[in-house]
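Note on naming: letters A, B, ... go to the chains in the order of the sequence lines (proteins, then strands), and numbering restarts at 1 for each one.
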Amino acid sequence: MIELRFHEELYDGFAIDEAVKTYAAYATAELSRDGGAYVVKVTAKPEATSEGIDERVLSAELANYALGLTIEKARSGGAA
Amino acid sequence: MSDMSFHLGEGSVRIEFDEGLYPKDAIYGAAYVFIDRCWVHLDRAGDRRIQVTLKAKKPGADTQAFAGEFQNELLGQAWRLRIVEENKKLVESITARALGGAAGPPGLDELLAMDIGEETAFEDPLGIAMSWEEKYKKKGKAEGTKAEPEGAADSASGGEKAS
């Protein structure tokens with residue numbers, strides 16, 4: 001399991017939700033909030049690991065996706 | 001504390017920026033450029049300081065070069081934002097004028113107020129639907145053609161030309 005922390009002022013909560021949904025086929029995620037941060041605990045699914053997908057890479061890609069969506073939302077006028 | 005600092009890690013680099021110098025939108029813009037080559041993570045490193053962590057996706061990539069490139073990109077993004085801010089009012093004014101000019105007469109309200117029915121649809125008060133010949137024909141000539149042609153009148157009066 002890998003824990004990702006996203007600062008609330010820098011990441012959009014909806015973007016994180018969307019990223020988790022996008023990667024739902026490969027990983028299970030547990031979402032919570034702690035001290036001004038969104039906390040996502042990512043665990044790769046056995047099907048994903050059996051295909052050779054690394055849990056760290058999966059988590060990093062999920063974080064990148066969340067950041068990308070946050071930036072796109074911020075540019076289109078949504079709050080980050 | 002300096003305006004910018006960076007720390008090289010194993011396959012990654014951490015850079016800190018002062019939000020007063022580099023706005024959040026500029027940092028977002030620079031991060032977006034690197035999203036395909038690096039795993040990018042943003043965090044708060046203190047009051048009004050943002051920490052950016054770049055980790056190269058390809059093993060063996062020059063992370064120090066990424067740090068330098070990111071700083072250059074950030075400067076470009078910040079400058080672009082400043083230009084946008086400076087020209088915002090001008091762009092708004094030009095857009096408003098263009099939209100105002102495009103809405104020429106008649107307006108929608110005027111069109112809706114028009115009484116267009118089967119009887120009035122073919123009214124032509126300005127004579128636009130009339131042909132040119134019909135509109136500008138000489139009344140006298142038109143009447144003359146009905147009477148007699150000019151040559152016929154001459155011959156009828158016994159007009160012999162003196163030679």
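Within 6.0 Å of atom OH in A:Tyr26, 12 or fewer heavy atoms from other residues, nucleotides or ligands are found, so the atom counts as exposed in its surroundings. Few gaps surround CD on A:Glu3; more than 12 heavy atoms of other groups in view lie less than 6.0 Å from it. Within 6.0 Å of CZ on A:Arg56 lie no more than 12 heavy atoms contributed by other residues, nucleotides or ligands.
Hydrophobic clustering keeps B:Leu81 apart from B:Leu75 (ILVMFWY residues linked when any side-chain heavy atoms are closer than 4.5 Å, directly or through intermediates). A:Val39 and A:Val42 fall into different hydrophobic clusters, where Ile, Leu, Val, Met, Phe, Trp and Tyr side chains are chained together by heavy-atom contacts under 4.5 Å. Under the 4.5 Å side-chain contact rule for hydrophobic residues, A:Tyr65 and A:Phe14 do not share a cluster. Under a hydrophobic-cluster definition in which Ile, Leu, Val, Met, Phe, Trp and Tyr are linked whenever side-chain heavy atoms come within less than 4.5 Å, directly or via other members, A:Leu31 and A:Leu4 are assigned to the same cluster.
For the pair A:Leu67/B:Tyr32, no side-chain contact is recorded, criterion being any heavy-atom separation below 4.5 Å from C-beta on.
A salt bridge does not link A:Glu8 to B:Arg44: none of the charged nitrogens lies less than 4.0 Å from a carboxylate oxygen.
Shortest non-hydrogen contact noted between A:Leu10 and B:Ile50 is CD2-CD1, 3.8 Å. Closest heavy-atom contact between B:Ala31 and A:Ile71: CB-CD1, 4.2 Å. Nearest approach of B:His41 to A:Arg5, heavy atoms of both residues: NE2-O, 2.9 Å. The nearest pair of heavy atoms linking A:Tyr11 to B:Tyr28 is N-OH, 4.4 Å. When all heavy atoms of B:Trp39 and A:Val57 are compared, the pair lying nearest together is CZ2-CG1, 3.8 Å.
Residue contact with chain A, scored on non-hydrogen atoms closer than 4.5 Å, is absent for B:Lys55.
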### Task
Start with the C-alpha distance between A:Asn64 and B:Lys57, add both sets of side-chain angles, then the distance that settles side chain to side chain contact (heavy atoms under 4.5 Å, CB included), and finish with yes or no.
CA-CA 11 Å; A:Asn64 245 16; B:Lys57 288 186 181 182; 3.7 Å; yes
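A distance of 12.0 Å separates CG of B:Leu42 from CD of A:Glu9, quoted to the nearest 0.5 Å.
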